[in-house]
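All values below were derived from every heavy atom in this structure, side-chain atoms included, with hydrogens, water molecules and symmetry-related copies excluded. So you know, we letter chains A, B, ... as the sequences are listed, proteins then strands, and number each from 1.
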Amino acid sequence: MNLKQLLDDKVTAAMTTVGIADAKAIVKQAQRSEFGHYQANGIMGAAKRQKTNPRELAAKVLEQLGDDKDLQLEIAGPGFINITLKPDFLAEALKGLQNSHRLGVDTAQSRVFVVDYSAPNLAKEMHIGHLRSTTIGDTAVRVLEFLGQKVIRANHVGDWGAQFGSLLAYMDQLASQGEELSSELKDLEKFYQSASALFRSDEAFASKARSFVVRLQGGDEKCLALWKKFIAESTRHCQAVYDQLNITLTASDIRAESAYNDVLPLVVDELEERQLLVESDGAKCVFLDGFIGKDDKPLPAIIQKSDGGYPYMATDLAAVRYRASTINAHEVLYFVGAQQQLHLRQVFAVATAAGYIGDHQRFRHLPFGWVLKADNTPFKTRDGADVKLVDVLNEAVDRAHRLVDEKNPGLSPEEKKTVARVVGIGAIKYAELSKNRTTDYIFDWDTMLSFEGNTAPYLQYAYTRIQSIFRRENISPTEIHGEFHLTDPAEFRLAVKLLQFGEAINGIIEDYQANILCNYLFDLAGIFMSFYEACPVLKATDPHRTSRLLLCHLTARTLHKGLDLLGIETVEQM
RNA sequence: GCCCUGGUAGCUCAGUUGGAUAGAGCAUCCGCCUCCUAAGCGGAGGGUCACAGGUUCGACUCCUGUUCAGGGCGCCA
């Protein structure tokens, strides 16, 4: 059940009945508590179109709605309709939530989604810049699956291209010097830096690196063997990060750039057949309307370079082709940085012109910005100035461990370890997910690893407080029987918020902004904390005690599910 | 030069197809643990929503211009 939708339908119907064409109730959650729980804003716009008095029109709509046993309605201000849910209705709705395994969230019509996210470059270690795509994409995946969609995770890792030349040449050199490769590869970042340094300083090495690129692309067996060894090591590294981060990606979700190598000539042929290809300066290009470069010159999408090589435009087109035709996806989501916006626009446009994307299929780019340091300078991907993702995660867990030592010394070492992991990792992910920005964002160590205020630990803490209530008197939450009996304002606020979980979930999938769910959960936790202070649970007498226990259990379930959708774990004590 | 983003409290950010008095967290200040976990609760201060016009009953939101910042614009990805 979706309260907002329910009310919107109801008021819209009444508006239509009183003769308003194209009626839209525009029901929203009330901005201020004195306005009730919801407000309909659509009357004023309708009155304007009809050139009538908005308050009089509102009165007509109200008359049409009549006496409602569930709702208290009133006209306010210039023509708002304020809606308050009556206590009996709230109690009944809560009962419905309590009996719903899905916390009142309906499943959507099942469609096929491909979600392209994370996509690290395997030549390097994962760094802080990968966090956003990975965490937001994973949340999108979890939410879509919760809504009953078929989701195919697509980890489009970079495992091909020129940067592998120097890596392979370096591996070859080390091997010939009798070095143990596997130990050298432990620190991928250092390995990459050493190789690049050699590439820049040693002309003989650079030329060897370039020849390795050619040999790799030509299918040279020795090169391929080295390449596979490197890719395997790098993939293991990524998986370790995913596991630590509680990301649902696995090795089977990897469909690397190289997986499309064989299809690239076919893509060129197909574009040729469609008469889209034009040769320009020796490169095979597609020129489309609406793409203008410098000096008003048409901007090409380069499909094949003059040296015969394929740029990532070709690979991305092959990926579109695969997702649209082979997987037959209805919707494909790209969680990719904002700097790729023009590129992806080109990819989608060329793919559409080529007939790869059908009318029923939707490809969307969900962009996000750079990671900046507190001094507004970007994290660069070279020179060792980057913060490695593993280091950030370990630091977060360490800080959380120091805190749990201080806050709850009574826990066993094992429990502390678990709490530190869950809280530390949760804080990192929540810091990412709770921001809506599609532009740059500041990574500040202290902000990101803060455990106070609007953070994951706050939500996790609210959860443990509830669990603590049940634990104290050995109450099994699923075996509480009785009715909801709401009297205190804090109980009403909590009740309404619990009923709005579905609205938050639906809000996410419009533009895949996880912060909508974060904001909801933070509100819910805050309202619960106030309720916790204002309304004793265990010391109350029935019917309040039972009702409050039921509210606690529903809150715990909602927090747990909401955090789970964000990929954040909970603990029983912290 | 052109295109895309963005500019909201000291800092980090919300603000849902235009709605009522622009909201949180952090930081600062004042209260609250004989009471279910103080990683908490209650309260206070803090704003020219970059700037200037326009559209209208009503603009942080839409339009135009200006400005500042970031990104992108032919063979790196």
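Using a 4.0 Å heavy-atom distance criterion, A:Q467 is classed as making no nucleic acid contact. Here A:E473 lies out of heavy-atom contact (under 4.0 Å) with every strand. Within the nucleic acid shown, A:I26 comes within 4.0 Å of at least one base atom, counting heavy atoms only. Nucleic acid contact for A:N82: base, since at least one base atom lies under 4.0 Å from a heavy atom of the residue.
With salt bridges taken as basic N to acidic carboxylate O contacts below 4.0 Å, one links A:E432 and A:R132. A:R399 and A:D446 are joined by a salt bridge, as a carboxylate oxygen and a charged side-chain nitrogen come within less than 4.0 angstrom of each other. The pair A:D8-A:K24 fails the salt-bridge criterion, with no side-chain N (NZ, NE, NH1 or NH2) lying under 4.0 Å from an Asp/Glu carboxylate O. Using a cut-off of 4.0 Å between Lys/Arg side-chain N and Asp/Glu carboxylate O, A:R548 and A:E491 are scored as salt-bridged. Classification of A:K28 and A:E503 as a salt-bridged pair fails, no side-chain N sitting under 4.0 Å from a carboxylate O.
Going from the P atom of B:rG58 to that of B:rA20 covers 14 Å, rounded to whole Å. Taking the P atom of each, B:rC3 and B:rC11 are spaced 31 Å apart, rounded to whole Å. The gap from the P atom of B:rG54 to that of B:rG40 amounts to 48 Å, rounded to the nearest Å. With P as the reference atom, B:rA69 and B:rC26 are 32 Å apart, rounded to whole Å. Rounded to whole Å, the separation between the P atoms of B:rC30 and B:rU66 comes to 50 Å. For B:rC41 and B:rC13, the C1' atoms lie 23 Å apart once the distance is rounded to whole Å. Distance check on atom C1': B:rA14 versus B:rG74 gives 41 Å, rounded to whole Å. Nucleotides B:rA24 and B:rA9 have their P atoms positioned 15 Å apart, rounded to a whole Å.
Atom CZ in A:R49 sits about 14 Å away from atom C1' in B:rU56, given to the nearest Å. Atom pair A:L449:CG and B:rU12:C1' shows a separation of 14 Å (rounding to whole Å applied). One atom, CG of A:D295, and another, P of B:rC3, lie 14 Å apart when rounded to the nearest Å. Look at CG on A:N41: it is 7 Å from P on B:rG19, rounded to the nearest Å. When rounded to the nearest whole Å, the span between NZ of A:K24 and P of B:rU17 equals 12 Å. As rounded to whole Å, 16 Å separates atom P of B:rG23 from atom CD1 of A:I527.
Contact annotation: A:N436 side-chain N/O to B:rG15 OP1/OP2 distance is under 4.0 Å.
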Nucleotide N/O to protein N/O under 3.5 Å, stretch nucleotides 74-77 of chain B:
residue : atom : partner : partner atom : Å
B:rC75  : O2   : A:S306  : N            : 2.9
B:rC75  : O2   : A:S306  : OG           : 3.4
B:rC75  : N3   : A:S306  : OG           : 3.4
B:rC75  : N4   : A:D281  : O            : 2.7
B:rC76  : OP2  : A:K305  : NZ           : 3.3
B:rA77  : O3'  : A:E257  : OE2          : 2.7
B:rA77  : N6   : A:Y312  : OH           : 3.2

Can you check nucleotides 36-43 of chain B for protein contacts, nitrogen or oxygen pairs under 3.5 Å, and list what you find?
residue : atom : partner : partner atom : Å
B:rC36  : O3'  : A:R472  : NE           : 3.2
B:rC36  : O3'  : A:R472  : NH2          : 3.4
B:rC36  : O2   : A:L538  : N            : 3.2
B:rC36  : N3   : A:V537  : N            : 3.1
B:rC36  : N4   : A:Y532  : O            : 2.3
B:rC36  : N4   : A:C535  : O            : 3.0
B:rU37  : OP1  : A:S468  : OG           : 2.1
B:rU37  : OP2  : A:S468  : OG           : 3.1
B:rU37  : O2'  : A:Y461  : OH           : 2.1
B:rU37  : O2'  : A:R465  : NE           : 3.2
B:rU37  : N3   : A:M574  : O            : 3.0
B:rU37  : O4   : A:M574  : N            : 3.0
B:rA38  : OP2  : A:R465  : NH2          : 2.2
B:rA39  : OP2  : A:K407  : NZ           : 2.9
B:rG40  : OP1  : A:G453  : N            : 3.3
B:rG40  : O2'  : A:R465  : NH1          : 2.9
B:rC41  : OP1  : A:Y458  : OH           : 2.6
B:rC41  : O4'  : A:E533  : OE2          : 3.3
B:rG42  : OP1  : A:S530  : OG           : 3.0

List the atom pairs, donor and acceptor, that lie under 3.5 Å between side-chain atoms in residues 536-544 of chain A and the rest of the protein, sequence neighbours left out.
residue : atom : partner : partner atom : Å
A:D542  : OD1  : A:T546  : N            : 2.8
A:D542  : OD1  : A:T546  : OG1          : 2.6
A:D542  : OD2  : A:T546  : OG1          : 3.2

Only distances under 3.5 Å count here; give the side-chain donor-acceptor pairs of residues 296-307 of chain A to other protein atoms, sequence neighbours excluded, each with its distance to 0.1 Å.
residue : atom : partner : partner atom : Å
A:Q304  : NE2  : A:G308  : O            : 2.9
A:D307  : OD1  : A:G309  : N            : 2.8

What donor-acceptor contacts under 3.5 angstrom involve side-chain atoms of residues 43-53 of chain A, with partners at least two apart or in another chain?
residue : atom : partner : partner atom : Å
A:Q50   : NE2  : A:G19   : O            : 3.4
A:N53   : OD1  : A:R55   : N            : 2.8
A:N53   : OD1  : A:E56   : N            : 3.1

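Residues satisfying the side chain to side chain donor-acceptor pair (under 3.5 Å) criterion with A:E279, sequence neighbours excluded, are absent altogether. Under the side chain to side chain donor-acceptor pair (under 3.5 Å) criterion, A:N474 pairs with no residue, sequence neighbours left out. The side chain to side chain donor-acceptor pair (under 3.5 Å) search around A:S258 returns A:D159, not counting sequence neighbours. With sequence neighbours excluded, the residues that form a ring-ring contact (aromatic ring centres under 6.0 Å, His included) with A:H560 are A:Y463. For the ring-ring contact (aromatic ring centres under 6.0 Å, His included) test, residues two or more places apart in sequence or in another chain that qualify with A:Y334 are A:F348.
A distance below 6.0 Å separates the ring centres of A:F522 and A:Y458.
Aromatic ring orientation, A:W227 versus A:W160: perpendicular (interplanar angle above 60°, classes split at 30° and 60°).
Residues from residues 505-522 of chain A placing a heavy atom under 4.0 Å of any atom in RNA chain B, listed by number, are A:N515, A:N519, A:F522.
Between B:rG25, B:rG19, B:rA20, one nucleotide has an atom nearer to the side chain of A:K28 than all others, and that is B:rG19.
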Assess the residue pair A:H343 and A:D316 against the criterion (side chain to side chain donor-acceptor pair (under 3.5 Å)); give the C-alpha distance rounded to whole Å, side-chain angles, the decisive distance to 0.1 Å, and a yes or no. CA-CA 10 Å; A:H343 168 71; A:D316 284 347; 2.6 Å; yes
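Between the side chain of A:D523 and the base of B:rA14, no donor-acceptor pair of N or O atoms lies under 3.5 Å.
Evaluation of A:F80 against the base of B:rA20 yields a stacking contact (centre distance < 5.5 Å, interplanar angle < 30°).
For B:rC13, the O4'-C1' to base torsion is more than 90° from 0; the nucleotide is therefore anti. Against the 90° criterion about 0, the sugar-base torsion of B:rG74 places it in the syn range.
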Reading 5' to 3' and counting Watson-Crick or G-U wobble pairs with both distances under 3.5 Å, write the dot-bracket notation for RNA chain B, | for bases paired outside the strand. (((((((..((((.....[...)))).(((((.......))))).....(((((..]....))))))))))))....
